[in-house]
Protein chains: 2
Amino acid sequence: MTTEEPRRQRLTRAEAKARTRKLLLEAAAQTFARKGYAGSSVEEIAEAAGFSIGALYSNFGNKEELFLELSTTYNADRIAEASEVLLDQDADPVQAVNEVSRLLVDAADKDTDFSLLQAEFWLYAVRNPQVLDQMATRMRTPRAALEQLVGKSLETMPAPAEATPKAVATIVAALFEGLVRQRRIDPDQVPEELFGAALRWLFSGIEVSGREKKVAAPAKRKPAKRPRQG
Amino acid sequence: MTTEEPRRQRLTRAEAKARTRKLLLEAAAQTFARKGYAGSSVEEIAEAAGFSIGALYSNFGNKEELFLELSTTYNADRIAEASEVLLDQDADPVQAVNEVSRLLVDAADKDTDFSLLQAEFWLYAVRNPQVLDQMATRMRTPRAALEQLVGKSLETMPAPAEATPKAVATIVAALFEGLVRQRRIDPDQVPEELFGAALRWLFSGIEVSGREKKVAAPAKRKPAKRPRQG
DNA sequence: GTCTATACGTCGATAGAC
DNA sequence: GTCTATCGACGTATAGAC
């Protein structure tokens, strides 16, 4: 056994490095969240992962590349989870929005690093225009999922023309983000129910606005909907 | 003239220092916004203000104290302006909310440092619990002003019991903050009208929710309102 | 009250051993 | 592929001249 050829002991060669990368990225997430990008040293990150500085530079070009790769993979992971949940809702679309918001609040409370990292990513992007485009692009997938969910809700009501899925999705996302942030400063001021209440009021308001204007010029709607299920 | 006693040339002694402090704080705001707290050096700040490192340390204990004082004075200034505008509205409370949101969007677009600094303050506060309390305290004044404005709007409609001024003010603040942030990443996705639209829908939704429940148990209200004006 | 010079530490990144 | 040792640059904060 011990004299076996080193060609593939277990599949160690490539996998060991992948494992190191993963551990380094997790340590980076923790460290960047706690100390910020500029406030975190590569030594700190490497130590938190149980490796040395050399191992870090063997896996990432430099500190900035590590940070940018984290901003990609970290969000990609969350988005994968969230998108599944968002699109897997068969129940009332309106109720689904409520449930989703509940799930997101839970996640935000448990994963205390999340909002900190998002703030770091946002700051970095705003300060580095070329990264800003990347971030806008990455946000497109989860945003599309949210738009789809919101769109389904809007179809159940006589929404006004201004209440496009895109516009309402933007409002919902902003609302959520803002409330999570406020909640970190003063949890008592932002109880869990507030998320659901805000969404209910928002959609109720959209509905009555649509009703007041009667049927608000639905001419642009494509008639070819529900390609399945019929 | 030149041999005159130096007791008070103009009132220079105290005022010169105050002027230096002010210039340093302005330079600090700019630098912290552009580079972040940890990413900014005291030398950079001092240079931007046209002074030396020594002058900075002569006016502030250290980098952290400069940052914390900035977080106080900077917000105090904005709050003073905003509060005036918020409480000076004699028009329709509902319309006033719209106008205020318009003003705030304008301010956010012009003062590009604002949201960056707010993000820095928020991150610093979340990472330093003792500072978090200070921040929560400082936010009380502007929050009270917003609550008052929101409260006036709510009095004009049959709002449900859950729609307290405090709760709705929290939602409005979160909405605004979230939209401003989104707008920095992708301005096209967050047009100016979206702020007003979101607020109209929100308040419309609150109104119909209150109407559906008829008069929603206003038992908790203290009868001793309007101590003046009667 | 402000400036110049400097002490002292830390950080990012590299080179070479294993 | 990872670790240890180290270099050069930069950062905070202080001391003393003016």
Side-chain angles (χ1 to χ4, degrees), chain A residues 2 5-28 30-32 34-70 120 124 127-128, chain B residues 2 4-28 30-70 120 124 127-128:
Chain A
T2 53
E5 280 189 65
R7 277 194 291 182
R8 57 187 158 93
Q9 300 172 325
R10 288 284 178 181
L11 64 113
T12 324
R13 274 291 170 276
E15 213 201 21
K17 183 155 188 171
R19 181 179 158 276
T20 302
R21 276 179 72 92
K22 194 188 162 204
L23 289 172
L24 281 168
L25 282 168
E26 286 172 8
Q30 214 181 79
T31 309
F32 283 138
R34 260 210 343 253
K35 307 277 195 83
Y37 174 67
S40 301
S41 69
V42 291
E43 186 182 10
E44 215 173 348
I45 296 169
E47 267 179 22
F51 294 96
S52 63
I53 302 178
L56 191 151
Y57 277 99
S58 165
N59 282 278
F60 301 95
N62 53 32
K63 185 183 172 181
E64 191 178 15
E65 276 188 21
L66 169 59
F67 179 78
L68 291 177
E69 177 145 341
L70 177 66
E120 290 290 334
Y124 193 93
R127 289 174 182 145
N128 299 71
Chain B
T2 52
E4 198 180 303
E5 280 190 65
R7 276 196 291 184
R8 58 189 157 93
Q9 301 174 324
R10 287 283 178 183
L11 65 112
T12 324
R13 274 291 171 273
E15 214 200 20
K17 182 156 189 174
R19 181 179 157 278
T20 302
R21 277 180 70 92
K22 196 189 161 202
L23 289 172
L24 282 168
L25 282 169
E26 286 172 6
Q30 214 181 80
T31 309
F32 283 139
R34 258 209 345 254
K35 306 276 196 84
Y37 174 68
S40 302
S41 69
V42 290
E43 186 181 11
E44 213 173 351
I45 296 168
E47 267 179 23
F51 294 96
S52 64
I53 302 179
L56 191 151
Y57 279 98
S58 165
N59 282 278
F60 302 95
N62 52 33
K63 184 183 173 182
E64 191 179 15
E65 275 187 23
L66 169 59
F67 179 77
L68 291 177
E69 177 145 342
L70 176 66
E120 290 290 334
Y124 193 92
R127 288 175 183 145
N128 299 72

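So that the names make sense, note that chain A is the first sequence line, chain B the second, and so on, each numbered from 1.
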* Asked: Sequence neighbours excluded, which residues qualify as salt bridge (Lys or Arg N to Asp or Glu O under 4.0 Å) partners of K35(B)?
  ->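 By the salt bridge (Lys or Arg N to Asp or Glu O under 4.0 Å) rule, K35(B) matches E44(B).
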* To do: Could you name each residue pair satisfying ring pair (Phe, Tyr, Trp, His ring centres under 6.0 Å) that touches residues 31-64 of chain B, not counting sequence neighbours?
  =>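 For residues 31-64 of chain B: F32(B)-Y37(B), F32(B)-F67(B), Y37(B)-F67(B), Y37(B)-Y124(B).
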* Asked: Rounding to a whole Å, what distance do you find between K35(A):NZ and dT10(C):P?
  ->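 It works out to 12 Å between those atoms.
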* Asked: Between atom CG of L24(B) and atom NZ of K17(B), what is the distance when rounded to the nearest 0.5 Å?
  ->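 L24(B) CG to K17(B) NZ: 10.5 Å, rounded to 0.5 Å.
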* Any chance you could measure K63(B), atom NZ, to L68(B), atom CG, to the nearest 0.5 Å? =>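 That separation rounds to 12.0 Å.
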Of all heavy-atom pairs between [X] and [Y], which one has the smallest distance, and what is that distance?
X: R21(B); Y: N59(B); answer: NH1-O, 2.9 Å
X: I53(B); Y: A46(B); answer: N-CB, 3.9 Å
X: I45(B); Y: A27(B); answer: O-CB, 3.5 Å

* Does R127(B) offer a backbone N or O that forms a donor-acceptor pair with the side chain of R34(A) under 3.5 Å? ->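 Pair absent, no side-chain N/O of R34(A) close to backbone of R127(B).
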* Under 3.5 Å donor-acceptor, S40(B) side chain and T31(B) backbone ->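 Answer holds: yes.
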* Considering only heavy atoms, which members of residues 36-50 of chain A lie under 4.0 Å from some atom of DNA chain D? ->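 Of all residues in residues 36-50 of chain A, none places a heavy atom under 4.0 Å from DNA chain D.
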Heavy-atom check, side chain of [X] versus side chain of [Y], under 4.5 Å:
X: N62(B); Y: E65(B); value: yes
X: E15(A); Y: R19(A); value: no
X: L56(B); Y: T20(B); value: no

What does the list of N/O pairs under 3.5 Å between the protein and nucleotides 5-8 of chain C look like, with a distance for each?
none

* **DNA chain D: 5'-most and 3'-most nucleotides touching chain A, 4.0 angstrom heavy-atom criterion** =>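 Listing 5' to 3', DNA chain D meets chain A from dT2(D) to dT4(D).
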* Asked: Looking at DNA chain C, which of residues 58-65 of chain A put a heavy atom within less than 4.0 Å of it?
  ->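 Per residue number, the list reads N62(A), K63(A).
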